[in-house]
Number of protein chains: 2
Amino acid sequence: MVQIPKPPAPSRTAQRPVPTSADVARLAGVSRATVSYVLNNTAAVRISEPTRRRVHEAAKELGYVPHAAARSLRAGHRRMVLMPAPAVPAGPLYSAFIYELQWALHRLDYTVVQYGGVGLAGDEAARAWAELRPVAVLVPGTGLGPEGVALLRRSGARAVVTLGPDAVEGAHALLMDHESVGHCAGAHLYARGRRRIGVVVPEEGGLDVFSRPRLAGVRRALHGTAATVTELPLAYTEESAARLAARWGDLGLDAAFAYNDEYAMLLMRALQDEGVAVPADTAVIGADDLLLGRLLRPRLSTVRIELPSGRDLAELVDRAVRDPGGEPERHKVLGASVVQRDST
Amino acid sequence: MVQIPKPPAPSRTAQRPVPTSADVARLAGVSRATVSYVLNNTAAVRISEPTRRRVHEAAKELGYVPHAAARSLRAGHRRMVLMPAPAVPAGPLYSAFIYELQWALHRLDYTVVQYGGVGLAGDEAARAWAELRPVAVLVPGTGLGPEGVALLRRSGARAVVTLGPDAVEGAHALLMDHESVGHCAGAHLYARGRRRIGVVVPEEGGLDVFSRPRLAGVRRALHGTAATVTELPLAYTEESAARLAARWGDLGLDAAFAYNDEYAMLLMRALQDEGVAVPADTAVIGADDLLLGRLLRPRLSTVRIELPSGRDLAELVDRAVRDPGGEPERHKVLGASVVQRDST
DNA sequence: TTGAAAGCGATACCAG
DNA sequence: CTGGTATCGCTTTCAA
């Protein structure tokens, strides 16, 4: 570090220091306290109109903006809800959910901040979040352990909510169990008389979190029956789909559950190009109920996934913040239901 | 405010206060300065090994986490890059871009924070961002005026970068001109001999930012020719598409540019269901080059859009932060090129 | 090697 | 009605 004490070498670019409330006070000819009162409209104190104007004008002239860190340091109160950005590029469904959630929290006067905790391992991430002293933390996916939760709570977080497959000790949980999606699909295919069922598992990294449970769900649906389950790795490219379709005959499958509608569309097209009739030879079902799935022929059957409304989650957060000592709530929030169209 | 001075009413929930470095110091039997030295591995000062351990143990025992606001308040230095969340739920392309950008900035040791500036108008939003004293601000879309930029810079932001259709005084700009997308499509359709061209404009709110320029681009491409341009409002539903397709004959169009591949797929399917042959009667082209567009028959032509790499933007930010006085850079970063398949 | 103390910027007491 | 001033939690210089 250079040791120039106060004057930070005012280069030609006139990098003048950021104005503080003291600067405003000086320019307006009042004390810093008065500045604070005026700019925050403090009700308990009445300031004369001329003074108010002088302060406001000085503030405007200097382009004064209060320093959030300093303010919350002093006030102690924080209305910041921290939400680590997900570790995967986020699908359309999830994006929309986040967006709605932000709105709802904004209505409740919270400030939502998405924090890019990209390259941080489990508890290290929790530490980084805790440093920001958020009033609540919403954690998507797995990766936060009970210690992490405890750490956050000790650091003043009044609510920790996980959005994922299973609950974590000490935290509220929105249980989004993708296992039920697979179960739904498996049961449906079985009911339609299919017995040799393939399950597409994306090769794309980061999707395991969802695809594993979905696969397990299919297995559970078929458990105790004579039906078989075959795992089918598939990358999201035409070539990969073509390769898979080429060996479809050898696989001897009569149905496929394809992780989601995008993979399902990809697979279905590849099968058709290979001369496999859908649904006659092979039934195909996806998930997410994308509009695009209805555009192919046959129209794609799908598992519709119901995410919780952003408003509901926002209210859970608010409730938890108001009563930090309350029992952790557990909510199953992932509704899965089959929408049968023509591909099964 | 209640006036209880220090003991914050320790209710049964044992809401004990968050540990501070002073608590750690007390437990370890050293001064706060020493705690700071140890926990930050300050090189300029050598602390005895036994002391280090006592401090570390005390910190662990209390679950101490430093207070980010206090720290940066004192240290003055900030490595926070602020990125307001976009006003629209964000498409797949953009999500991926953001994600990549976060990674790249993380590599450069910046912390990326997405701030939900949902319900804030232009300069009010700028104020809110400025309060956080970010070292750089990346603003997607329009909505930030020159005053906003000035405000941010006065508040210490060393770089302001806009990602949008046009540059703003005082800020660096990544010009993402969607006009060129439309131009590309229009020129292509004209070259293929089409003369009565429809342009799908999504009815969904918030997409105007992109759809308007794209429409304008088509107009420009056809300016001075005998070709006509017809605006076609379309909602992202099958019904809306069916309605549009039903009056296709009356419209007398021989081509359509459909904003993006999703709308294009929707329209193309509706047209085919209505008995309109694609591309014989009507050519259809989309944009974004989604994989799914290749699955329909005929395969969908599209305008491929090249976003800048996250790394490039991250480097621009870093450069700007290091040299805050430098001339604002302007980069055209939206490559548009036609990918012709079978629908045109 | 360690400790005392001066702030960073803003707020909220209490006295004038 | 307004102005000192202590304080939030932390870093860092200066002394001991």
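It should be emphasised that the depicted structure is a prediction, and the values quoted were computed from it without experimental measurement. Proteins get letters first, then strands, A, B, ... in listed order; numbering begins at 1 in each.
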| Within residues 66-73 of chain A: residues closer than 4.0 Å to DNA chain C (heavy atoms) | A:Pro66, A:His67, A:Ala70, A:Arg71, A:Leu73
| Pairs in or reaching into residues 24-34 of chain A: which pass salt bridge (charged side-chain N to carboxylate O under 4.0 Å, His left out), with residues at least two apart or in two chains? | A:Asp23-A:Arg26
| task | Please report, rounded to the nearest Å, how far the C1' atom of C:dG9 is from the CD atom of B:Glu131. | result | 13 Å
| query | Whole Å only: how far is the CZ atom of A:Arg26 from the P atom of C:dA10? | reply | 12 Å
| Given A:Arg319 and A:Glu315, is the salt bridge (Lys or Arg N to Asp or Glu O under 4.0 Å) satisfied, shown in steps? | CA-CA 6 Å; A:Arg319 221 180 306 137; A:Glu315 274 163 13; 5.1 Å; no
| message | When you measure from the side chain of A:Arg79 to the backbone of A:Asp109, do you find a donor-acceptor pair of N or O atoms at a distance under 3.5 Å? | response | yes
| note | Contacts satisfying side-chain hydrogen bond (donor to acceptor under 3.5 Å, both in side chains) that involve residues 54-65 of chain B (not counting sequence neighbours) are none
| Sorted by number, the residues of residues 27-52 of chain B with heavy-atom contact under 4.0 Å to DNA chain D | B:Arg32, B:Ala33, B:Ser36, B:Tyr37, B:Asn40
| All side chain to side chain donor-acceptor pair (under 3.5 Å) counterparts of A:Arg322, not counting sequence neighbours | A:Asp318
Please tabulate, one pair per line, all N/O donor-acceptor pairs under 3.5 Å involving side-chain atoms of residues 160-176 of chain B, not counting sequence neighbours.
residue: B:Thr162; atom: OG1; partner: B:His172; partner atom: O; Å: 3.4
residue: B:His172; atom: ND1; partner: B:Glu329; partner atom: N; Å: 3.0

| task | Give the minimum heavy-atom separation between A:Pro134 and A:Trp129, together with the two atoms involved. | result | CD-O, 3.4 Å
| Whole-Å gap separating C1' (D:dC10) and CG (B:Asp23) | 13 Å
| query | Rounded to whole angstrom units, what separation is found between the CZ atom of A:Arg74 and the C1' atom of C:dG7? | reply | 16 Å
| task | Look at the side chain of A:Gln114 and the backbone N and O of B:Gln114, then say whether any donor-acceptor pair between them is shorter than 3.5 Å. | result | no
